[in-house]
Amino acid sequence: MTQKTTQKLVVANWKMHGNLKQNSALLTDFVENLSALKHTQMVVCAPYPYLAQLQSMLQHTNIAWGAQNVAKNEVGAFTGEVSAAMLTDFGCKYVIIGHSERATAYCESDENIATKFVQAKRHGLTPILCVGETLIEREAGVMEMVVSKQLDTIINTHGAAVFADAVISYEPIWAIGTGLAATPEQAKNMHLFIRNKISNLNIEATNRLKILYGGSVNPQNAVQLFVVPNIDGGLIGKCSLNAQEFEAICHAAETSVT
Ligand code: 13P
C-alpha cells in the first residue's frame, strides 16, 4: 500500500542546542525564507525554555512548533517533568516522543513511550513517534522485527486507530548524527513496511498517518529521499541548526510535491 501525500512535513529537532540570540536569528531567517511554501508544513521542536520564544516569533506564520518530550502523567508531584497541557499552553502543536537519544540515555521504556503518545493525543498534540534499529540489528537483518515491536507496544495497548493524525518517524540509530543516511532503497523498504503494518490493522488510520525519515538528512539527500513513496517528510537534527541547510531541505520537500 502506498499513501499519496498531498503535503510534506519537515520537522526541525534542535535537540539541546540554541540560546535566545541564536534562536532569534534562525527563526527570523526561517520565517523570511519559508513563507512562500504551500505544500510543506514546517515545525520547529526546541528545548522547553524556548517554547515561549517560538510562540512569540512563529505565531501568524506557516511554521508550527513543538517540544522534544512530554510527561506521561497529567499533573502532580513529578519534579522536572512538563505536561502535555503545559505544552498546549505555549501553542505547541507537535511533540517528539521516544527519540532514541532519550530511550538510551534516560532508559525510556516502550511502555512509557506508549503512554506519552496517547497522553499527547489526549491533549490535541500531534505525536511524532521515533522508531528505528541499531546497526547491529540491521546487520543481523532484524530491523523490521525491531520496528514492529516498537509499534506493537502502542498497538497492543491502545489499538492502531491512535495512529490517525499522528506521525511516525523512522530514525535508524546508526544514521543519527553520523553523516551516513539510509539509502533511498533502505528507507523505502522500511517506510512501506510501516505503512503496510498499520494499514493491515486500520485503513483509516494509515490514510491519516505521516511517516517521516530522520537520520543525517541534508539538502542533497533530501532531494532523493522525499520523492520515495511513503516518505512524507523528514525529522532533521544537525541541518536544522543552519538556516540555509534547513530551508534547502524544506524547499526539497516542497518541490517533491509540486
Ligand atoms: P541528524 O539529522 O543530526 O542526524 O539527527 C537526526 C535526528 O535525530 C532527528 O531527530
Side-chain angles (χ1 to χ4, degrees), residues 8-18 22-23 26 30 40-48 50-51 54 63-70 87 92-106 108 110 113 116-117 120 125-135 137-138 143 146-147 150-151 166-184 186-187 190-191 194 210-226 228 231-253:
K8 290 283 199 224
L9 176 65
V10 179
V11 182
N13 177 7
W14 281 357
K15 308 191 178 182
M16 198 175 72
H17 292 285
Q22 281 173 10
N23 299 350
L26 212 45
F30 289 175
T40 307
Q41 174 64 62
M42 283 80 58
V43 181
V44 177
C45 291
Y48 293 136
Y50 300 116
L51 294 179
L54 295 183
I63 306 173
W65 61 95
Q68 301 169 13
N69 185 30
V70 65
L87 298 186
C92 289
K93 291 272 185 292
Y94 292 82
V95 61
I96 297 171
I97 310 262
H99 193 285
S100 60
E101 286 158 8
R102 294 198 55 77
T104 46
Y106 303 99
E108 183 125 81
D110 284 350
I113 292 168
K116 289 179 176 191
F117 185 93
L125 291 159
T126 300
I128 302 170
L129 174 75
C130 300
V131 297
E133 79 285 356
T134 63
L135 185 58
E137 289 162 342
R138 175 156 285 268
M143 56 275 182
V146 168
V147 168
Q150 290 166 344
L151 296 173
V167 178
I168 295 172
S169 186
Y170 171 53
E171 302 216 315
I173 293 169
W174 48 269
I176 296 176
T178 59
L180 181 75
T183 63
Q186 288 171 323
M190 184 59 85
H191 281 237
I194 295 170
K210 284 204 186 307
I211 309 177
L212 307 185
Y213 169 77
S216 296
V217 176
N218 61 37
Q220 291 74 41
N221 61 29
V223 174
Q224 283 131 33
L225 286 163
F226 290 165
V228 171
I231 296 189
D232 301 322
L235 183 53
I236 320 298
K238 184 165 164 280
C239 285
S240 71
L241 297 164
N242 176 300
Q244 285 71 38
E245 289 181 331
F246 184 68
E247 289 157 16
I249 291 169
C250 294
H251 282 279

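Reckoned from all heavy atoms, side chains included, excluding hydrogens, waters and symmetry mates. Whatever order the structure lists ligands and atoms in, that order sets their numbers, starting from 1. Note that the structure is a prediction, hence the values are computed from the model and not measured.
Note that CD of Gln68 and CD1 of Ile128 are 10.5 Å apart. Values are rounded to the nearest 0.5 Å. Met190 CE to Ile231 CD1: the interatomic distance, rounded to the nearest 0.5 Å, is 11.5 Å.
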Test log, rule side-chain hydrogen bond (donor to acceptor under 3.5 Å, both in side chains), inputs His17 and Gln22: CA-CA 9 Å; His17 292 285; Gln22 281 173 10; over 6 Å; no

Residues His191, Val228; criterion side-chain contact (heavy atoms from CB on, under 4.5 Å); working and verdict: CA-CA 9 Å; His191 281 237; Val228 171; 6.0 Å; no

At less than 3.5 Å, what protein N or O atoms come close to the N or O atoms of ligand 1? Include the distances to 0.1 Å.
unit_1   : atom_1 : unit_2 : atom_2 : d
ligand 1 : 2 (O)  : Gly237 : N      : 2.9
ligand 1 : 3 (O)  : Lys238 : N      : 2.9
ligand 1 : 4 (O)  : Gly177 : N      : 2.7
ligand 1 : 4 (O)  : Ser216 : N      : 2.8
ligand 1 : 5 (O)  : Lys15  : NZ     : 3.2
ligand 1 : 8 (O)  : Lys15  : NZ     : 2.8
ligand 1 : 8 (O)  : His99  : NE2    : 2.8
ligand 1 : 10 (O) : Asn13  : ND2    : 3.0
ligand 1 : 10 (O) : His99  : NE2    : 2.9
ligand 1 : 10 (O) : Glu171 : OE1    : 3.3
ligand 1 : 10 (O) : Glu171 : OE2    : 3.0

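Lys238 NZ: 12 or fewer foreign heavy atoms inside a 6.0 Å radius.
Relative orientation of the Phe246 and Phe30 rings is tilted, given thresholds of 30° and 60° on the angle between their planes.
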